[in-house]
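Just below is one structure, and these are the notes that go with it.
First listed ligand is number 1; within each ligand, the first listed atom is number 1. Note that the numbering runs from 1 along the sequence shown for the chain.
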Amino acid sequence: MSVKIFDTPEVQDFLKTVAGFDQDGGSERGKQIMHRLLSDLYRLVDDYDVTPEEFWSSVSVLNALGEGTQFGLLAPGLGFDHYLDMRMDAEDKQRGLSGGTPRTIEGPLYVAGAPEAEGFARMDDGTDSDAEVMWLTGQVRDVDGQPVAGAKVEIWHADSKGGYSFFDPSQSEYNLRRTIITDSEGRYTARSIIPSGYGVPEGCATDQVLKLLGRHGQRPAHIHYFISAPGHKHLTTQINLADDPYTFDDFAFATREELVIEGKRIEDPAEADKRGLEGPFTEVVFDVELARTDAPELQHRHKRPRALESEEAASQAKV
Ligand SMILES: [Fe+2]
């Protein structure tokens, strides 16, 4: 049996009461947004004749997501991270700030406070013996092609099993996480290992939601970046390695054509020797172009909860 009650005065008045419109306290914006959100959901219940059983099973999924701190994982899977990027791209365009390397999603696995190095850093702790050595390098330039010396390049990525240090307690502290300050030519170089792609854990709440949609929860091998320099727009981005089965089928929608990078396998012992390596390796080159801006708020990453990044540290980062 299907009934339609959403548009009745009784339901409309009820929504206003639920959203606290008749109360003095609270946040005006919070009330407006909650009112809109609840109105959309109530309407949905009416339109799709959602049964109590369906409603309460959704509540169970939400509880499971919260228990597993998985909202940060489901959010990119439902496209929210990419949608926010699309909005920021549109804002940049409106401000005349287009150009430069495109942004893409941050994901939930950044950890603040990684060791900092000038020009070069080794990112792996040497224990991942299955992994291919990765020589990751590039130049940070402005939109006129001029090198940006002293830019802060923060890099983090997964190991050969798709796990991230901190979240994967079997890895050493800050393994595969470094901050590299570019040299006088704007260059940064890291010795690391080729990361593996990864998927959301089988059977977890995020997986259940994706399966309901007939979707997988796999990501291609990728490397995350924050890049910042005074006078330039902060860039949150990541590169997806080419030739991964999921390069163009990322459940988190982070892939952008310009950010797909093909690693180059180098077997010449002389080239390995030049870099202090013992055998063949894969070179990954990612040059970055930063847009200019005088607006201080655009020169820093936006606030969000991040591992080991306190409110205090976040506000200091803004100074
Ligand atoms: Fe990631």
Side-chain angles (χ1 to χ4, degrees), residues 65 68-85 101-114 121 123-125 128 131-132 134 136 138 153-180 190 192-202 204 206-207 210 215-227 234-256 258-261 263 282 284 286 288 301-302 304-309:
L65 284 165
T69 56
Q70 284 193 3
F71 281 108
L73 188 61
L74 183 60
L78 294 184
F80 284 105
D81 302 38
H82 184 58
Y83 181 58
L84 293 177
D85 280 351
T101 301
R103 63 161 57 81
T104 192
I105 73 166
E106 175 180 331
L109 302 175
Y110 172 80
V111 178
M123 296 179 66
D124 67 300
D125 62 7
D128 199 339
E132 163 88 356
M134 173 170 74
L136 176 64
V153 180
E154 293 183 73
I155 307 172
W156 68 105
H157 65 80
D159 68 3
S160 68
K161 293 168 196 69
Y164 281 80
S165 64
F166 185 84
F167 302 96
D168 166 10
S170 76
Q171 293 187 44
S172 61
E173 198 183 29
Y174 289 114
N175 190 36
L176 311 176
R177 301 176 182 278
R178 287 294 181 277
T179 296
I180 304 175
S192 196
I193 55 165
I194 291 285
S196 167
Y198 56 83
V200 305
E202 187 71 28
C204 72
T206 302
D207 187 45
L210 293 171
R215 291 178 45 204
H216 66 74
Q218 301 296 320
R219 297 215 59 202
H222 60 274
I223 300 159
H224 295 269
Y225 282 81
F226 280 152
I227 302 137
H234 178 275
L235 178 65
T236 299
T237 196
Q238 57 180 287
I239 52 175
N240 284 358
L241 299 181
D243 301 326
D244 186 294
Y246 296 101
T247 303
F248 290 101
D249 188 20
D250 178 1
F251 100 94
F253 304 106
T255 308
R256 300 185 84 150
E258 307 92 314
L259 301 172
V260 174
I261 306 283
T282 295
V284 176
F286 180 48
V288 176
R301 57 183 177 245
H302 60 77
R304 66 178 270 181
R306 296 181 176 95
L308 305 186
E309 185 175 64

- Item | Set of ring pair (Phe, Tyr, Trp, His ring centres under 6.0 Å) partners for H234, sequence neighbours left out | F226
- Item | Centroid separation Y164 to Y198 less than 6.0 Å | yes
- Is it the case that more than 12 heavy atoms not belonging to F167 sit under 6.0 Å from its CZ atom? yes
- Show the numbers, then the answer: is there a side chain to side chain donor-acceptor pair (under 3.5 Å) between Q171 and R177? CA-CA 11 Å; Q171 293 187 44; R177 301 176 182 278; over 6 Å; no
- Item | Residues E106 and R306 bridged, charged N to O under 4.0 Å | yes
- Query: What protein N/O/S atoms sit under 2.8 Å from the Fe ion (ligand 1), by chain and number?
  - Reply: Y164 OH, Y198 OH, H222 NE2, H224 NE2
- Can you tell which of T237, I105, T236 makes a side-chain contact (heavy atoms from CB on, under 4.5 Å) with D85? I105
